[in-house]
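Here the structure is a predicted model, which means the values were calculated and not measured.
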Amino acid sequence: MQLQDFYVLTGGDFAAVKGRFFKEEMIERFVLRFLEDPSFGELSRALEGKTVTEAFRAAHTLKGVCSNLGFDRLGNSSSELTEYLRGREQALVDWEQCRLLFGKVAEDYGQVTEAIRQLDSYSA
């Protein structure tokens with residue numbers, strides 16, 4: 001799969017990303033490195049442990065990475081979770097709501113990572 005096809009599949013705006021990074025080689029390098037980003041795993045563990053501060057930090061980081069790379073769909077779902085957690089105290093968190101919001105993040109994350117593995121330049 002070509003990089004432009006990747007952005008179509010994942011709901012991103014390739015032209016906007018290219019406007020930020022200028023060279024496709026640079027975009028591709030950062031897209032491939034996304035698989036090494038620990039934010040999703042940290043978010044998952046924080047929600048499992050019900051630690052609001054860590055979950056917020058991980059969701060916010062994931063949102064930022066997605067924003068920079070133009071992973072719009074994943075960025076939007078991680079943003080929803082980030083905003084739900086923003087400023088909440090541990091006792092006021094509805095963990096079922098978090099689980100639902102995280103479910104969408106996980107679905108979008110899976111789609112992005114699977115698409116990365118389908119890029120022509122990906123090598124395991």
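- Counting non-hydrogen atoms of other residues, nucleotides and ligands closer than 6.0 Å to CZ of Arg33 gives a total of 12 or fewer.
- For the pair Phe6 and Val112, the tightest heavy-atom approach, listed with the atom from each and the gap, is CE1-O, 3.8 Å.
- Here the straight-line distance linking atom OG1 of Thr53 with atom CZ of Arg88 works out to 13.5 Å at 0.5 Å rounding.
- Shortest non-hydrogen contact noted between Asp72 and Gly11 is CB-O, 3.3 Å.
- Using a 4.5 Å heavy-atom threshold, the side chains of Met26 and Phe30 count as touching.
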Would Asp108 and Phe71 count as a side-chain contact (heavy atoms from CB on, under 4.5 Å) here? Give the steps. CA-CA 9 Å; Asp108 294 341; Phe71 300 166; over 6 Å; no
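- Counting only heavy atoms from C-beta outward, the side chains of Arg57 and His60 never approach each other to under 4.5 Å.
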Full working for side-chain contact (heavy atoms from CB on, under 4.5 Å) between Leu81 and Leu47: CA-CA 11 Å; Leu81 180 55; Leu47 290 174; 4.1 Å; yes
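- With rounding to the nearest 0.5 angstrom, the OG1 atom of Thr10 is 12.5 Å from the CD atom of Glu114.
- With hydrogens and angles disregarded, a donor-acceptor distance shorter than 3.5 Å links the side chain of Thr82 to the backbone of Ala59.
- Looking only at distances, a side-chain donor or acceptor of Arg45 sits under 3.5 Å from a matching main-chain atom of Gly41.
- Closest approach of Tyr7 and Gly70 over heavy atoms only: CE2-O, 3.6 Å.
- For the pair Arg20 (side chain) and Asn68 (backbone), a donor-acceptor distance under 3.5 Å is present.
- In this structure, CG in Leu119 is found 8.5 Å from CD in Gln2, a value given to the nearest 0.5 Å.
- The side-chain heavy atoms of Phe56 and Thr51, taken from C-beta on, include no pair separated by under 4.5 Å.
- Between the OG atom of Ser67 and the CG atom of Asn76 there is a distance of 9.5 Å, given to the nearest 0.5 Å.
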Could you walk me through whether Lys18 and Gln4 pass the side-chain contact (heavy atoms from CB on, under 4.5 Å) check? CA-CA 10 Å; Lys18 193 167 182 183; Gln4 297 89 337; over 6 Å; no
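- Below 30°, between 30° and 60°, or above 60°: for Tyr109 and Phe40 the angle between ring planes is below 30°, a parallel geometry.
- Once rounded to the nearest 0.5 Å, the distance linking OG of Ser121 with CD of Glu24 reads 10.5 Å.
- In this structure, Lys104 and Glu80 have side chains that are not in contact, with every pair of non-hydrogen atoms separated by 4.5 Å or more.
- Across every non-hydrogen atom of Ala46 and Ala55, the tightest pair is CB-N, 3.4 Å.
- Heavy-atom contacts from other residues, nucleotides or ligands closer than 6.0 Å to CD of Glu89 number 12 or fewer.
- A single hydrophobic cluster is not seen to contain both Val93 and Leu100; linkage of ILVMFWY side chains at heavy-atom distances under 4.5 Å, directly or through other members, places them apart.
- Under the 4.5 Å side-chain heavy-atom criterion for ILVMFWY residues, a single connected hydrophobic cluster contains both Val105 and Trp95.
- Contact detail for Leu69 and Val17: the closest heavy-atom pair is O-CG2, 3.4 Å.
- Annotation: the span from Glu28 atom CD to Leu32 atom CG amounts to 6.0 Å, rounded to 0.5 Å.
- Across all non-hydrogen atoms, the minimal contact from Leu35 to Tyr122 is CD1-CE1, 3.6 Å.
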Does the side-chain hydrogen bond (donor to acceptor under 3.5 Å, both in side chains) test come out yes or no for Gln111 and Glu107, once each step is laid out? CA-CA 6 Å; Gln111 184 182 45; Glu107 177 184 322; over 6 Å; no
